[in-house]
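Working notes for the structure below.
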Amino acid sequence: MAIKMPELPEVQTVVNGLKPMIIGKKIIRIKPIWHKVLENFNESIFENNPQAHEIIDVTRRAKFIILHFTGKILAIHLRMTGKLFVTKKNNIPIHCTVVVFFESGERLVFEDTRKFGRMYLYTDFLNIDSRHGIEPLDEVFTETWLIEGLKNRKRNIKSLLLDQSFISGLGNIYVDESLWYAGIHPFSKSNMIPLQNIINLREGIILILQKAINSRGTTIIDFTFLNGQSGNYSKELKVFGKNKKPCDKCSDIIFKTRVAGRGTYVCASCQEIFV
DNA sequence: CCATGAACCTGGTCGC
DNA sequence: TGCGACCAGGTTCATG
């Protein structure tokens, strides 16, 4: 039931799991436990108005989980350690930052050890949509789009791929995995990467994300979620977290370094530096 | 435009 | 066993 880890596949997994559980339910109250969790609204908006707060859809945009009402959306960002689960129990677990109460008696609990996660209320989906870049699993994420995008910037490639206003949904794990797939060293500059590597990068991003979604993400805690199934993609990782281990392709030793302020895993034999 | 580092938080791990 | 240093899959903001 509780899910951890928030890149695109994990957020999509949460959305897929949440959908059948909360669509059609009406919110009667939102109770913040951590005072900063509601970023841009007050819980009083949700008091005494369940008819206006029936959840009509649950979707994902970038790394946001979005609950749709008529004329309103509630956007949830898990950040580093956020987890969501639906329960009928009335205890408030440790590290819970907010509880959403449904008319049915069930609750949506937001657990978040580091307290970075937030909820946002908007009247318009465009508000979130316009601040984020292309969805990598959307058909408009074409070779041409990526070629142009990389050419038009002179940026460290890892930093660019992590930039949510460029491509939305990628995080530290899947960027490292995608760069390894495409044979691109994370030290590379976006405008210096050869055509074939860019084509491979796009292919890698799509394949890896799709496979990770099919595996229900890299990590999921708590087996009671999604009928007891758990995330499996950690078994498929090729470089991330593989410090001092042999590379799958060439058996050279993978090492850990730091790029764009993030821990970064590289096979120096398979991944070429383009600068 | 781009890179870097700090800030927001808590807990796990590693070395001594 | 204890303790400090460092790290963590995210994002934003200030600074050079």
Side-chain angles (χ1 to χ4, degrees), chain A residues 2-14 32-40 60-65 75-84 93-98 110-120 127-128 131-133 136 149-180 186-192 205 208-209 211-213 215-221 230-244 255-265 275:
Chain A
I3 305 203
K4 212 185 160 175
M5 310 320 181
E7 295 184 46
L8 188 154
E10 290 73 30
V11 176
Q12 188 65 54
T13 301
V14 175
I33 311 293
W34 168 246
H35 67 102
K36 292 181 178 176
V37 72
L38 309 182
E39 178 71 29
N40 66 340
R60 179 190 61 74
R61 173 70 171 107
K63 295 173 190 169
F64 286 86
I65 297 148
I76 305 169
H77 202 301
L78 270 23
R79 293 290 181 96
M80 301 283 270
T81 53
K83 289 154 244 171
L84 286 174
I94 188 167
H95 300 137
C96 174
T97 56
V98 55
F110 193 173
E111 257 186 340
D112 187 13
T113 309
R114 288 175 73 180
K115 299 182 174 144
F116 293 162
R118 295 288 184 273
M119 286 186 177
Y120 308 80
N127 192 299
I128 287 215
R131 284 183 282 119
H132 290 90
L150 298 198
K151 192 177 69 182
N152 292 335
R153 321 232 185 168
K154 297 177 180 175
R155 248 178 105 176
N156 169 271
I157 186 62
K158 172 153 183 171
S159 162
L160 182 57
L161 294 177
L162 286 170
D163 185 340
Q164 302 297 297
S165 69
F166 181 59
I167 299 174
S168 60
L170 296 178
N172 207 27
I173 291 182
Y174 297 110
V175 165
D176 278 10
E177 293 294 309
S178 300
L179 288 172
W180 177 86
F187 289 169
S188 300
K189 285 192 97 116
S190 61
N191 59 320
M192 302 300 283
I205 289 171
I208 287 163
L209 291 177
K211 193 165 182 184
I213 290 172
S215 304
R216 298 176 186 278
T218 293
T219 315
I220 300 179
I221 299 188
S230 61
N232 274 329
Y233 197 74
S234 56
K235 292 182 216 155
E236 307 294 329
L237 296 175
K238 302 297 188 187
V239 281
F240 190 89
K242 304 287 184 191
N243 193 26
K244 296 175 183 165
F255 68 94
K256 185 181 183 187
T257 179
R258 190 157 280 269
V259 183
R262 315 293 300 276
T264 299
Y265 299 87
V275 289

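Computed over heavy atoms, backbone and side chain alike; hydrogens, waters and symmetry mates excluded. Residue numbers start from 1 in every chain, and the chains themselves are labelled A, B, ... in the order their sequence lines are given, proteins ahead of strands.
- Among the atoms of the strands shown, none is found under 4.0 Å from any heavy atom of A:D112.
- Note: NZ (A:K115) to P (B:dT10) measures 4 Å, nearest angstrom.
- Counting non-hydrogen atoms under 4.0 angstrom, A:K189 reaches nothing in the nucleic acid.
- Residues that satisfy the side chain to side chain donor-acceptor pair (under 3.5 Å) test with A:R114, not counting sequence neighbours, are absent from this structure.
- In this view, A:R61 and A:D129, A:E135 satisfy the salt bridge (charged side-chain N to carboxylate O under 4.0 Å, His left out) rule, not counting sequence neighbours.
- C:dC6 and B:dG5 have their C1' atoms separated by 16 Å, given to the nearest Å.
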Using Watson-Crick and G-U wobble pairs with both distances under 3.5 Å, what is the 5'-to-3' dot-bracket string of DNA chain B, with [ ] for crossing pairs and | for pairs outside the strand?
.|||||||.|||||||

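- Taking the P atoms as reference points, C:dA5 lies 15 Å from B:dA6, given to the whole Å.
- Between A:K256 and the phosphate of C:dC7, there is no side-chain N or O to OP1/OP2 separation shorter than 4.0 Å.
- One atom, NZ of A:K158, and another, P of B:dC2, lie 18 Å apart when rounded to the nearest Å.
- Pairs passing the salt bridge (charged side-chain N to carboxylate O under 4.0 Å, His left out) check and including a residue from residues 158-171 of chain A, sequence neighbours excluded, read A:R155-A:D163, A:K158-A:D176.
- The side-chain contact (heavy atoms from CB on, under 4.5 Å) check on A:P93 picks up A:F85, A:C96, A:V109, A:E111, with sequence neighbours excluded.
- With sequence neighbours excluded, the residues forming a side chain to side chain donor-acceptor pair (under 3.5 Å) with A:Q12 are A:N16, A:R60, listed by chain and number.
- With rounding to whole Å, A:N152 atom CG is found 15 Å from B:dC2 atom C1'.
- Nucleotide B:dC9 holds its C1' atom 7 Å from the CH2 atom of A:W34, rounded to whole Å.
- Residues satisfying the ring pair (Phe, Tyr, Trp, His ring centres under 6.0 Å) test with A:H132, not counting sequence neighbours, are A:F64.
- A 4.5 Å side-chain heavy-atom check between A:K63 and A:L78 finds every atom pair outside the cut-off.
- Side chain of A:T113, nearest nucleotide from B:dC2, B:dC9, B:dT10: B:dT10.
- Rounded to whole angstrom, the span from the NE2 atom of A:H95 across to the P atom of B:dT10 amounts to 8 Å.
- Checking the phosphate oxygens (OP1, OP2) of B:dC1, no side-chain nitrogen or oxygen of A:R155 falls inside 4.0 Å.
- Rounded to whole Å, the P atom of C:dG9 lies 24 Å from the corresponding atom of B:dC2.
- Within the 4.0 angstrom heavy-atom criterion, no nucleotide atom of any strand lies near A:G117.
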Evaluate the side-chain contact (heavy atoms from CB on, under 4.5 Å) criterion for residues A:L237 and A:Y265: first the C-alpha distance (whole Å), next the side-chain angles of each, then the deciding distance (0.1 Å), finally the verdict.
CA-CA 11 Å; A:L237 296 175; A:Y265 299 87; over 6 Å; no

Would you please test A:V239 and A:E177 for side-chain contact (heavy atoms from CB on, under 4.5 Å) and show each step?
CA-CA 6 Å; A:V239 281; A:E177 293 294 309; 3.4 Å; yes

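- With rounding to whole Å, A:K151 atom NZ is found 17 Å from B:dC1 atom P.
- Taking the side chain of A:F240 as heavy atoms from C-beta on, and the options C:dG9, B:dA3, B:dC8, the nearest nucleotide is C:dG9.
- Annotation: side chain of A:K83 is in contact with side chain of A:T113 (closest heavy-atom distance under 4.5 Å).
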Whether each nucleotide of nucleotides 10-16 of chain C has a protein heavy atom under 4.0 Å at its base (B), only at its sugar-phosphate (S) or at neither (-) is summarised, 5' to 3', as BS-----

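- The P atoms of B:dC9 and C:dC13 are separated by 15 Å, rounded to the nearest whole Å.
- Pairs of residues two or more places apart, or lying in two chains, that qualify as ring-ring contact (aromatic ring centres under 6.0 Å, His included) and include a residue from residues 150-177 of chain A are A:W145-A:F166, A:Y174-A:Y233.
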Give me, pair by pair, the N or O atoms of the protein and of nucleotides 13-16 of chain B that are less than 3.5 Å apart, along with how far apart they are.
none

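- Taking atom CD1 on A:I94 and atom P on B:dG11, their separation rounds to 7 Å, with Å as the unit.
- Partners of A:K238 according to the side chain to side chain donor-acceptor pair (under 3.5 Å) rule, which considers only residues two or more places apart in sequence or in another chain, are A:D248.
- A:K151 is linked by a side-chain contact (heavy atoms from CB on, under 4.5 Å) to A:E148, counting only residues two or more places apart in sequence or in another chain.
- Following rounding to the nearest Å, A:R153 (CZ) and B:dA3 (P) show an atom-to-atom distance of 11 Å.
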